[in-house]
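Here is the structure we will look at, set down as structure tokens.
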Amino acid sequence: TMQRRLRNAAIGCHALLTALLALEILTPLPTAARLLVAAIVVAPLLATLPGLIRDSRGAQRWLAALLVPYIGGLCVEVVARAGAAPLLGAALLAAVTEIALLLALSRAPRDARE
């Protein structure tokens with residue numbers, strides 16, 4: 001159904017965002033400090049994944065709110081680097097797409113949900 005497709009797309013965006021952020025932080029060479037920063041940055045995203053997979057409305061709403069500072073930070077970084085950070089640009093696109101999908105999912109009528 002459409003709800004399932006939207007949820008699967010949101011999960012895909014979530015996984016892509018998490019991977020891109022970790023990759024950007026760990027590139028070019030993973031160090032202990034970079035590993036720590038990557039863990040701190042992606043931990044909230046990983047913590048919300050089970051609720052997103054379960055299709056929990058509460059988790060969807062909480063995740064949508066959580067994405068706001070990620071989007072803000074990514075906007076600042078993309079502009080500050082004058083577009084010279086393609087991974088961050090892709091992460092920003094994934095985050096904005098995910099928040100739009102989450103807002104659509106969290107407001108869907110209950111009888112239309114699986």
Side-chain angles (χ1 to χ4, degrees):
T1 66
M2 180 61 78
Q3 294 297 324
R4 183 178 293 255
R5 285 188 220 142
L6 288 174
R7 184 176 52 116
N8 289 342
I11 292 169
C13 287
H14 194 77
L16 181 62
L17 172 62
T18 304
L20 288 170
L21 288 173
L23 187 60
E24 175 66 27
I25 294 167
L26 296 174
T27 304
L29 182 63
T31 63
R34 286 178 185 228
L35 285 170
L36 179 61
V37 170
I40 291 169
V41 170
V42 302
L45 296 172
L46 293 175
T48 57
L49 186 58
L52 185 57
I53 291 171
R54 280 193 320 271
D55 202 19
S56 162
R57 279 191 182 200
Q60 291 166 355
R61 290 177 180 145
W62 192 87
L63 180 54
L66 175 69
L67 286 172
V68 171
Y70 280 90
I71 291 169
L74 285 165
C75 284
V76 168
E77 283 298 313
V78 168
V79 170
R81 297 183 191 192
L87 292 178
L88 293 179
L92 176 59
L93 181 58
V96 169
T97 303
E98 182 179 1
I99 200 170
L101 290 166
L102 291 171
L103 292 173
L105 282 169
S106 69
R107 285 164 173 68
R110 288 208 181 265
D111 57 349
R113 294 172 51 90
E114 295 180 275

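If you read the sequence from its start, that first residue is 1, and numbering goes on from there.
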Close side-chain approach of Val96 to Leu74, heavy-atom, < 4.5 Å: no

Co-membership, hydrophobic cluster, residues Leu101 and Leu63, 4.5 Å side-chain: no

Residue pairs involving residues 93-103 (criterion salt bridge (Lys or Arg N to Asp or Glu O under 4.0 Å); sequence neighbours excluded): none

Shortest non-hydrogen contact between Pro69 and Leu66, atoms and distance: CD-O, 3.0 Å

Spacing of Leu6 atom CG and Ser106 atom OG [to the nearest 0.5 Å]: 11.0 Å

Hphob cluster co-occupancy, Ile11 + Leu67, side-chain heavy atoms under 4.5 angstrom: yes

In residues 33-49, what donor-acceptor pairs under 3.5 Å come from side-chain atoms, sequence neighbours left out?
| unit_1 | atom_1 | unit_2 | atom_2 | d |
| --- | --- | --- | --- | --- |
| Arg34 | NH1 | Ile25 | O | 3.4 |
| Arg34 | NH1 | Thr27 | O | 2.4 |
| Thr48 | OG1 | His14 | NE2 | 3.4 |
| Thr48 | OG1 | Pro44 | O | 3.3 |
| Thr48 | OG1 | Leu45 | O | 2.8 |

Contact summary for Leu102 and Ala10, nearest pair of heavy atoms: CD2-CB, 4.3 Å

Remaining members of the apolar cluster that contains Leu16, side-chain heavy atoms under 4.5 Å: Leu20, Leu23, Leu87

Side chain to side chain donor-acceptor pair (under 3.5 Å) involving Arg81 - partner list, sequence neighbours excluded: Glu24, Glu77

Cluster overlap Tyr70 with Leu26, hydrophobic side-chain contacts below 4.5 Å: no

Cys13 versus Ala94, closest heavy-atom pair with distance: CB-O, 3.7 Å

Cluster overlap Trp62 with Ile71, hydrophobic side-chain contacts below 4.5 Å: yes

Hphob cluster co-occupancy, Val68 + Leu88, side-chain heavy atoms under 4.5 angstrom: yes

Sidechain-backbone polar pair: Arg7 side chain, Leu105 backbone, donor-acceptor under 3.5 Å: no

